[in-house]
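Written below as structure tokens is the structure these notes are about.
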Amino acid sequence: MTPVFDFDTVHFDEKKERLLILDQTRLPGKVCYISLKTQDQIIDAIATLKVRGAPAIGITAAFALCLGMKPFIGLSFDAFYTHFKEVGAQLAQARPTAVNLSWAIGRMEKTILRNRKAAIPEILEAMRSEACRIKEEDKIMCRNIGIHGLSLLKPGWGILTHCNAGHLAASWYGTALSPIYTGQEMGYHFRVFADETRPLLQGARLTAFELQYAGVDTTLICDNMASVVMEKGLVQAVLTGCDRVACNGDTANKIGTNTLAILARHYGIPFYICAPSSTIDADCKTGQNIVIEERSPEEITEKWYRKRMAPENIKVFNPAFDITHHSLITAFITEKGVVCPPFDFTPKENDKKS
Ligand code: MRU
């Protein structure tokens, strides 16, 4: 059965010059869109996780720049470019860990510089085409990750996943959920365990929702139950997405991913990271160079509860991501194929030129 998603995560409405975003904070109760027209609205939507997931953030950023730069249509190239740098810097700060944000901004900058001799309306048109291309390429990357990932899995396997790295986080089938949906197309009948993913419950609210929507056999567990399903032999592989991969393979992903990798090693279960090339950071040597976003204490002390659950004034530490050491990763599944250790994502000379 081919999974069908009749909702899109990020949609650019050209006629009305607005970005429609599926509001992920309303899921699973409500599938509804918000209409965003300005740079500030989009930055707020990214910061408050109305749109989230590394690839979706990159796509959103690209369209944000198209809308954010429109007011500067009457300027000279130099003034336009100066404003672009300012707008891009503001956008990049919305969420610091997912590299797709700065990656998309970088692609838009290259588009502007490539067209520097053109009139500003033409540059804006080139930016719009580039943003559409980023979205289309993401679909293909997700599709290919699904095909390569499936080659590592067997029918009937139990698969554990963390956070949400599916349709809602990207285009098409997402990254970590793509091999699962591809298997669904081919009758693999996977049994998926979705970690609820404290503190923001991306697993409970989003992964459980979209897997169930697609008809995948899904069981929700609390994060601290992973060792139990592993110990019982119910999990044959762990698949997660990522927000930034360093050249040596150290990987930032949703907080709790590293714990899963350590558990998977203990129980002898393969641990795979699904990584589109937009998530590999050529400028980052190791995980130590990755900035980890810290979010507000209220996400832990009171969000989701009818009343606050922790004592007033308690100290809280709320990192949104952790780093999994490359030695714990069995392989990366990229759109180009499966990458096994030793990992080296340092760009080769030819890549640098293109
Ligand atoms: O804070 P979020 O919900 O944006 O975190 C998302 C994740 O950590 C995902 O696993 C990652 O972005 C991969 S999405 C294909």
Side-chain angles (χ1 to χ4, degrees), residues 9-10 21-25 27 45-61 94-104 135 137-139 141-146 149 160-181 194-211 223 238-245 251-261 271-281 290-296 299-300 303 318-324 329 332-335:
T9 302
V10 180
I21 284 176
L22 176 63
D23 185 349
Q24 300 197 31
T25 60
L27 290 170
I46 294 174
T48 56
L49 273 55
K50 291 188 171 74
V51 59
R52 34 70 48 207
I57 292 173
I59 295 164
T60 303
R95 296 204 69 192
T97 305
V99 72
N100 301 59
L101 191 51
S102 45
W103 170 85
K135 186 174 171 187
E137 285 173 14
D138 189 63
K139 281 188 191 160
M141 285 197 271
C142 289
R143 183 66 175 144
N144 288 335
I145 285 172
L160 182 72
T161 190
H162 191 65
C163 195
N164 173 269
H167 176 73
L168 292 164
S171 316
W172 194 263
Y173 284 172
T175 59
L177 299 192
S178 189
I180 294 168
Y181 292 134
D195 264 0
E196 73 173 343
T197 317
R198 283 279 298 161
L200 290 177
L201 306 185
Q202 288 93 334
R205 294 185 300 108
L206 309 176
T207 300
F209 164 77
E210 66 161 90
L211 286 174
D223 301 345
V238 179
L239 292 181
T240 77
C242 54
D243 288 84
R244 191 183 293 246
V245 179
T251 295
N253 191 46
K254 179 53 55 190
I255 189 76
T257 303
N258 184 40
T259 314
L260 275 186
F271 181 89
Y272 298 117
I273 299 271
C274 297
S277 49
S278 54
T279 330
I280 297 170
D281 186 354
I290 300 177
V291 175
I292 299 292
E293 174 187 2
E294 271 191 50
R295 297 185 61 87
S296 86
E299 290 180 350
I300 295 181
K303 201 171 169 74
N318 184 17
F321 302 93
D322 59 23
I323 307 286
T324 299
I329 298 168
F332 285 87
I333 304 167
T334 76
E335 74 274 15

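Every value quoted in this text rests on a predicted model; they were computed, and no experiment measured them. Note that ligands are numbered from 1 as they come in the structure, with each ligand's atoms numbered from 1 the same way.
Considering only non-hydrogen protein atoms, atom 3 (O) of ligand 1 sits nearest to Arg52 NE, 2.8 Å. Among protein heavy atoms, the minimum distance from atom 9 (C) of ligand 1 is reached at Asn253 OD1, 3.4 Å. Counting protein heavy atoms only, atom 15 (C) of ligand 1 is closest to Thr175 OG1, 3.1 Å.
Looking at Asn164 against ligand 1, only its backbone comes within 4.0 Å, counting heavy atoms. Only the side chain of Cys163 comes within contact range of ligand 1, with a heavy atom under 4.0 Å; no backbone atom does. The part of Gln202 lying near ligand 1 is the side chain, judged by heavy-atom distances below 4.0 Å. Looking at Cys242 against ligand 1, only its backbone comes within 4.0 Å, counting heavy atoms.
The shortest N or O to N or O distance between Gly53 and ligand 1 is below 3.5 Å. Taking only nitrogen or oxygen atoms, main chain and side chain alike, Arg95 reaches within less than 3.5 Å of ligand 1. In terms of polar-atom proximity, Asp243 is counted as a contact of ligand 1, with an N or O under 3.5 Å from an N or O of the ligand. An N or O contact shorter than 3.5 Å is missing between Leu49 and ligand 1 by distance.
How far NZ of Lys254 is from CG of Leu200: 6.0 Å, rounded to the nearest 0.5 Å. Atom OG in Ser178 sits 10.0 Å away from atom CG in Leu239 (nearest 0.5 Å). Distance check, rounded to the nearest 0.5 Å: CD1 of Ile21 to NZ of Lys50 gives 9.5 Å. Annotation: the span from Asp243 atom CG to Asn100 atom CG amounts to 7.5 Å, rounded to 0.5 Å.
Between Arg295 and Leu49, some side-chain heavy-atom pair lies under the 4.5 Å cut-off. Using a 4.5 Å heavy-atom cutoff, the side chains of Thr175 and Cys242 are not in contact.
Those atoms of ligand 1 that come under 4.0 Å of a heavy atom in Lys254, given as number and element, are 1 (O), 2 (P), 5 (O), 8 (O). Atoms of ligand 1 found under 4.0 Å from any heavy atom of Ala54 (numbered from 1 in listed order, with element): 12 (O), 14 (S). Atoms of ligand 1 found under 4.0 Å from any heavy atom of Ala165 (numbered from 1 in listed order, with element): 14 (S), 15 (C). Listed by number with element, the atoms of ligand 1 under 4.0 angstrom from any heavy atom of Phe321 are 1 (O), 5 (O), 8 (O). In the vicinity of Ala169, heavy-atom distances shorter than 4.0 Å reach the ligand 1 atoms 14 (S), 15 (C). Interface of Pro55 with ligand 1, defined as ligand atoms under 4.0 Å from a residue heavy atom, comprises 14 (S), 15 (C).
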message = Using side-chain contact (heavy atoms from CB on, under 4.5 Å), reason through Leu22 and Leu27 one step at a time and then give a plain yes or no.
response = CA-CA 9 Å; Leu22 176 63; Leu27 290 170; 4.3 Å; yes
Intermediate values then yes/no, side chain to side chain donor-acceptor pair (under 3.5 Å), Asp23 and Thr25 = CA-CA 5 Å; Asp23 185 349; Thr25 60; 2.5 Å; yes
task = Give the intermediate values and the outcome of side chain to side chain donor-acceptor pair (under 3.5 Å) for residues Asn164 and Arg52.
result = CA-CA 9 Å; Asn164 173 269; Arg52 34 70 48 207; 3.0 Å; yes
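Between Asp223 and Arg198, none of the side-chain N atoms (NZ, or NE/NH1/NH2) sits under 4.0 Å from a carboxylate O, so this pair counts as no salt bridge.
Shown are Thr60, Thr9, Ile59; of these, the side-chain contact (heavy atoms from CB on, under 4.5 Å) with Lys135 is made only by Ile59.
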